[in-house]
Amino acid sequence: MEEVLPSLTAYYGMRVGKLPLIPYFKPGDMGLANAVRAQAEKHHAVLVANHGPVVAAVYAIGELPETAKLYLLLKGLDVRLLNDDQVAELRAAFPS
């Protein structure tokens with residue numbers, strides 16, 4: 001999955017961008033390291049199934065849990081998300 005959390009805020013779009021889901025691997029499995037490494041080249045953070053987030057960019061550390069909290073609080077409500085073009089515009093304006 002390429003997008004675990006939607007872009008609810010401009011700051012999430014700028015600081016985290018797309019958050020891919022890494023499938024579950026048991027702790028210590030080199031497959032986990034390889035899967036994270038493959039996604040780390042393209043993303044600031046990944047979510048590892050049944051483990052949690054791995055965040056490489058300091059400025060994304062706070063944004064990721066806050067967006068996850070917002071997502072859960074707003075689930076089922078009519079929320080206006082940033083679209084792909086808006087997120088791309090943010091990433092171009094604020095490259096990491």
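Hydrogens, waters and symmetry mates play no part in the numbers below; they use all other heavy atoms, side chains included. Worth saying up front: this structure is predicted, and the values here are computed from it rather than measured.
Of the inter-residue distances, the one linking N34 atom CG with F25 atom CZ reads 8.0 Å to the nearest 0.5 angstrom. Once rounded to the nearest 0.5 Å, the distance linking CG of L32 with CE of M30 reads 9.0 Å.
Among all heavy-atom pairs drawn from P20 and V4, the shortest one is C-CG2, 3.8 Å. L81 and P6 make their closest contact through CD1-CB, 3.6 Å (heavy atoms, listed as atom of the first residue, atom of the second, distance). Here the shortest heavy-atom pairing between A45 and L64 reads CB-CD2, 4.3 Å.
Pairs passing the salt bridge (charged side-chain N to carboxylate O under 4.0 Å, His left out) check and including a residue from residues 33-52, sequence neighbours excluded, do not occur.
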Let me have the donor-acceptor pairs involving side chains of residues 7-19, under 3.5 Å, with sequence neighbours excluded, atom names and distances please.
residue	atom	partner	partner atom	Å
T9	OG1	Y12	N	3.1
R15	NH1	E63	OE1	3.0

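A heavy-atom distance below 4.5 Å is found between the side chains of L82 and L90. By the 4.5 Å heavy-atom criterion applied to side chains, L70 and V79 are not counted as neighbours.
Using bins of under 30°, 30° to 60° and over 60° for the plane-to-plane angle, the ring pair H51/Y24 lands in the parallel bin.
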Verdict with supporting geometry, I22 and Q39, side chain to side chain contact (heavy atoms under 4.5 Å, CB included): CA-CA 8 Å; I22 304 293; Q39 292 297 324; 3.5 Å; yes
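Other residues, nucleotides and ligands place no more than 12 heavy atoms under 6.0 Å from the CG atom of D84.
Residues that satisfy the salt bridge (charged side-chain N to carboxylate O under 4.0 Å, His left out) test with E89, not counting sequence neighbours, are absent from this structure.
Transitive grouping of hydrophobic side chains (ILVMFWY, heavy atoms separated by less than 4.5 Å) brings L21 and L72 into a common cluster.
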